[in-house]
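What you see is a predicted model, and the numbers here were worked out from it, not measured in a lab.
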Amino acid sequence: MVTARRAGQDRVPPHPDPAEISLQQVLEALVDPVRRQIVRELHAAGEDLRCGVIDLPVSKSTATHHFNVLREAGLIRQYYVGTSRMNALRRDEVERAFPGLLALVAADTPSPAELSGVG
């Protein structure tokens with residue numbers, strides 16, 4: 001029989017070890033303006049956020065894809081609280097690997113084209 005705690009752990013998606021995070025994969029994840037918006041909002045919030053709290057100009061399934069790319073690149077950590085998938089910026093781990101990168105992304109101002117989904 002599977003315990004409730006074990007079942008909850010099974011729902012947590014895999015995350016790369018900090019030693020396996022590559023600059024190439026991080027930069028490829030950050031090239032997309034929607035993913036940069038997610039990182040900016042998590043950075044500004046200073047706390048973990050549910051997926052639905054971040055207002056994105058894309059469908060729910062496309063948003064899920066963007067969150068997955070950020071997780072697979074090692075930029076965010078995802079876990080569940082009840083039925084909500086939470087997103088945490090991996091600040092300390094990313095800062096150790098790529099000093100100053102998150103501050104640069106957070107300070108970036110999206111262009112009007114990016115905000116409209118054209119860029």
Side-chain angles (χ1 to χ4, degrees):
M1 177 153 68
V2 176
T3 65
R5 184 166 188 243
R6 175 72 184 161
Q9 289 173 340
D10 289 344
R11 293 175 55 202
V12 175
H15 297 83
D17 183 273
E20 297 172 355
I21 298 172
S22 75
L23 179 59
Q24 181 72 30
Q25 193 169 13
V26 167
L27 293 177
E28 287 174 1
L30 292 173
V31 75
D32 188 278
V34 171
R35 294 192 287 265
R36 287 194 309 275
Q37 178 182 349
I38 293 168
V39 170
R40 278 193 301 271
E41 292 199 26
L42 286 169
H43 191 274
E47 63 183 3
D48 303 352
L49 298 175
R50 292 186 332 271
C51 292
V53 169
I54 301 173
D55 186 29
L56 299 172
V58 296
S59 69
K60 185 176 178 180
S61 63
T62 301
T64 298
H65 165 74
H66 288 301
F67 281 105
N68 287 340
V69 170
L70 290 170
R71 178 181 46 78
E72 291 166 1
L75 291 164
I76 65 171
R77 180 168 302 282
Q78 294 185 306
Y79 63 95
Y80 280 90
V81 172
T83 59
S84 296
R85 184 176 267 199
M86 302 298 292
N87 299 281
L89 194 57
R90 294 175 73 175
R91 292 172 193 269
D92 294 340
E93 295 151 316
V94 175
E95 184 62 25
R96 275 193 297 277
F98 312 109
L101 178 65
L102 291 178
L104 289 171
V105 173
D108 180 45
T109 304
S111 71
E114 287 176 328
L115 291 174
S116 69
V118 175

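Side-chain contact between K60 and C51 is absent, with no heavy atoms from C-beta onward closer than 4.5 Å. Within the 4.5 Å cutoff, the side chain of P14 has no heavy atoms near those of the E72 side chain. Between P57 and Q37 there is a side-chain heavy-atom pair separated by less than 4.5 Å. Between R90 and H15 the shortest side-chain heavy-atom distance falls below 4.5 Å. Using a 4.5 Å heavy-atom cutoff, the side chains of V69 and R35 are in contact. Considering only heavy atoms from C-beta on, P13 comes within 4.5 Å of R71 through its side chain.
Residues satisfying the salt bridge (charged side-chain N to carboxylate O under 4.0 Å, His left out) test with R77, not counting sequence neighbours, are E93.
Linking ILVMFWY side-chain heavy atoms closer than 4.5 Å, directly or via other members, places I38 and L101 in a single hydrophobic cluster. In the hydrophobic clustering of this structure, V53 does not group with Y80; members are Ile, Leu, Val, Met, Phe, Trp, Tyr whose side-chain heavy atoms approach within less than 4.5 Å, directly or through other members. In this structure, L56 is a member of the same hydrophobic cluster as L49, with clusters built from ILVMFWY side-chain heavy atoms closer than 4.5 Å. Grouping the Ile, Leu, Val, Met, Phe, Trp and Tyr side chains by contacts below 4.5 angstrom, directly or via other members, places L42 with L27. Cluster membership check: V105 shares its hydrophobic cluster with L23, using side-chain heavy-atom separations under 4.5 Å among Ile, Leu, Val, Met, Phe, Trp and Tyr.
In terms of heavy-atom proximity, I21 sits nearest to G74 at CD1-O, 3.7 Å. The shortest non-hydrogen separation linking A88 to D48 is CB-OD1, 3.2 Å. Summarising the geometry of V81 relative to M86, their closest heavy-atom pair is CG2-CG, 3.7 Å, with the distance given to 0.1 Å. When all heavy atoms of N68 and R85 are compared, the closest pair comes out as OD1-NH1, 3.8 Å.
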